[in-house]
Amino acid sequence: MRIAIENFHAPELDPYARLSETQLLRLNEPGRGIFIAESPKVIERALEAGCVPLSVLCETRQAEEAERLLERFSARQEEKPSVPCPVPVYTASFDVLTRLTGFALTRGMLCAMYRPEPRSVEAVCRSAGRIAVLEQIMNPTNVGAIFRSAAALQMDAVLLTHGCSDPLYRRAIRVSMGTVFQIPWAFFAAEGPDAWPEGGTALLRRMGFRTVAMALREDSLSLEDPRLAAQEKLAVVLGSEGDGLREDTLAACDYTVRIPMSHGVDSLNVAAASAVAFWQLGRRC
């Protein structure tokens, strides 16, 4: 259902123009919140993953494309009372949308969607052989970039610890190019017997994983050590941008691995380091 924007203050436009990421997350508490996907390609990937749309905001010239995306989604769904029928498509010129949102839209289309039901660590790791673990990585740009590398370079799942940026924050989704909808992910419990690091590494070990901490230590293994490629299941653990991995995390992991540096460079950005590590450690003997 196409609706031309006439009232900038309409509450239906709040998710796009006036609500923060935290407000979107908590919008329907105690139920699921919502998130915003940007660009037709990212929206398509979210729909293919089963995410449920609430509305679309786009340039008038892209209204037909938005309606085609929603029609394909509707054709794949069983009847769901929570899905607005038909999904409203709010339209306006590029200039009007820029005034409404405060910035130029990415490729002219946004979609507000229900957040999917959270998954458990056990569920996303059940059939995985190579996974990434992100510890307190707070920059959504880095989280998005790591997801894109994980999806491209043979990681089967991503796990996040308490304190990481949410993969469904708008910037993380955009930087990942929608791969946050293509690779399974879950958060470790913030507390309790399976909390990271001691409980989390023990949980991974029970599922057959060996943990590989990426850290700048002289006693680290080479990234090419054959013992790593020989492992049936590996979890590659990456730390925060500033401090790296915590000492108790390093103590709890099975291996410590360092990427060799040259020209006096001491380290890589965590997103760049993840791509190098996934390329090498994603291989199996």
Side-chain angles (χ1 to χ4, degrees), residues 1-3 12-17 19-58 62-91 101 105-121 123-124 134 140 143-148 150-152 155-160 164-187:
M1 176 173 60
R2 197 179 305 186
I3 303 171
E12 294 84 359
L13 302 178
D14 285 350
Y16 303 106
L19 296 182
S20 68
E21 297 279 15
T22 301
Q23 289 171 317
L24 291 173
L25 175 63
R26 297 175 177 171
L27 190 61
N28 298 319
E29 286 184 336
R32 293 177 290 163
I34 68 173
F35 67 90
I36 305 296
E38 299 184 17
S39 86
K41 173 57 70 176
V42 171
I43 294 168
E44 182 177 23
R45 287 178 172 172
L47 293 172
E48 288 176 350
C51 295
V52 177
L54 286 92
S55 66
V56 173
L57 176 66
C58 66
Q62 289 191 301
E64 288 188 8
E65 182 179 7
E67 289 167 344
R68 286 195 297 269
L69 286 173
L70 295 173
E71 285 170 6
R72 290 202 298 271
F73 166 79
S74 298
R76 293 195 303 267
Q77 302 304 302
E78 299 175 357
E79 188 172 342
K80 295 183 178 180
S82 62
V83 180
C85 185
V87 176
V89 176
Y90 300 107
T91 65
T101 62
L105 289 175
T106 302
R107 299 184 184 177
M109 193 182 298
L110 302 175
C111 184
M113 297 181 164
Y114 285 113
R115 296 177 68 90
E117 292 287 353
R119 304 179 68 181
S120 68
V121 170
V124 303
L134 313 188
V143 169
I146 293 170
F147 264 86
R148 190 171 182 180
M155 294 292 109
D156 302 313
V158 176
L159 303 178
L160 304 100
C164 278
S165 178
D166 192 321
L168 294 184
Y169 278 175
R170 187 182 294 191
R171 181 177 292 276
I173 295 172
R174 181 169 67 244
V175 173
S176 82
M177 287 299 294
T179 55
V180 295
F181 306 113
Q182 295 179 305
I183 185 167
W185 56 271
F187 274 90

Flag side-chain contact, heavy atom, 4.5 Å: Leu168 against Met113: no
Thr91, Ile43, Leu110 screened by side-chain contact (heavy atoms from CB on, under 4.5 Å) with Cys58, the one that passes: Thr91
Which atom of Pro88 lies closest to which atom of Ile3, heavy atoms considered: CB-CD1, 3.9 Å
N/O donor-acceptor pair under 3.5 Å between Tyr16 side chain and Ala112 backbone: yes
Lys41 with Glu44: basic N within carboxylate O range, under 4.0 Å: yes
Ring pair (Phe, Tyr, Trp, His ring centres under 6.0 Å) involving Phe181 - partner list, sequence neighbours excluded: Phe35
Student check: side-chain heavy atoms of Leu54 and Ile34 closer than 4.5 Å: yes
Close side-chain approach of Pro118 to Phe187, heavy-atom, < 4.5 Å: no
Non-hydrogen side-chain atoms of Val175 and Pro140 separated by less than 4.5 Å: no
Over 12 non-hydrogen atoms of neighbours within 6.0 angstrom of CD in Gln23: yes
Non-hydrogen atoms of Ile173 and Ser176 that approach each other most closely: O-OG, 2.9 Å
Min side-chain heavy-atom separation Met109-Val56 under 4.5 Å: yes
Close side-chain approach of Arg115 to Leu25, heavy-atom, < 4.5 Å: yes
The single option from Asp166, Leu19, Asp14 passing side-chain contact (heavy atoms from CB on, under 4.5 Å) against Leu24: Leu19
Exercise: identify the closest heavy-atom pair between Val143 and Pro167: CG1-CA, 4.3 Å
Heavy-atom side-chain proximity of Glu21 to Arg171 below 4.5 angstrom: no
Which atom of Leu69 lies closest to which atom of Pro40, heavy atoms considered: CD1-O, 4.1 Å
Gap between atom CZ of Arg45 and atom CD of Gln182 - 0.5 Å precision: 4.0 Å
CE on Met177 to CZ on Arg148, rounded to 0.5 Å: 5.5 Å
Atom of Ala150, atom of Val158 and distance for their closest heavy-atom approach: CB-CG2, 3.9 Å
Any donor-acceptor N/O pair, Trp185 side chain to Leu160 backbone, under 3.5 Å: no
Any side-chain heavy-atom pair of Pro15 and Ile36 under 4.5 Å: yes
Heavy-atom pair of closest approach, residues Ala151 and Ile183: N-CD1, 4.0 Å
From Leu47 atom CG to Cys111 atom SG, the distance as rounded to the nearest 0.5 Å: 6.0 Å
Heavy-atom neighbours of Arg2 CZ exceed 12 at 6.0 Å: yes
Atom pair CG (Leu27) and OG1 (Thr22), whose distance is rounded to the nearest 0.5 Å: 12.0 Å
Rounded distance [0.5 Å steps], CG in Leu134 versus CD1 in Ile146: 5.0 Å
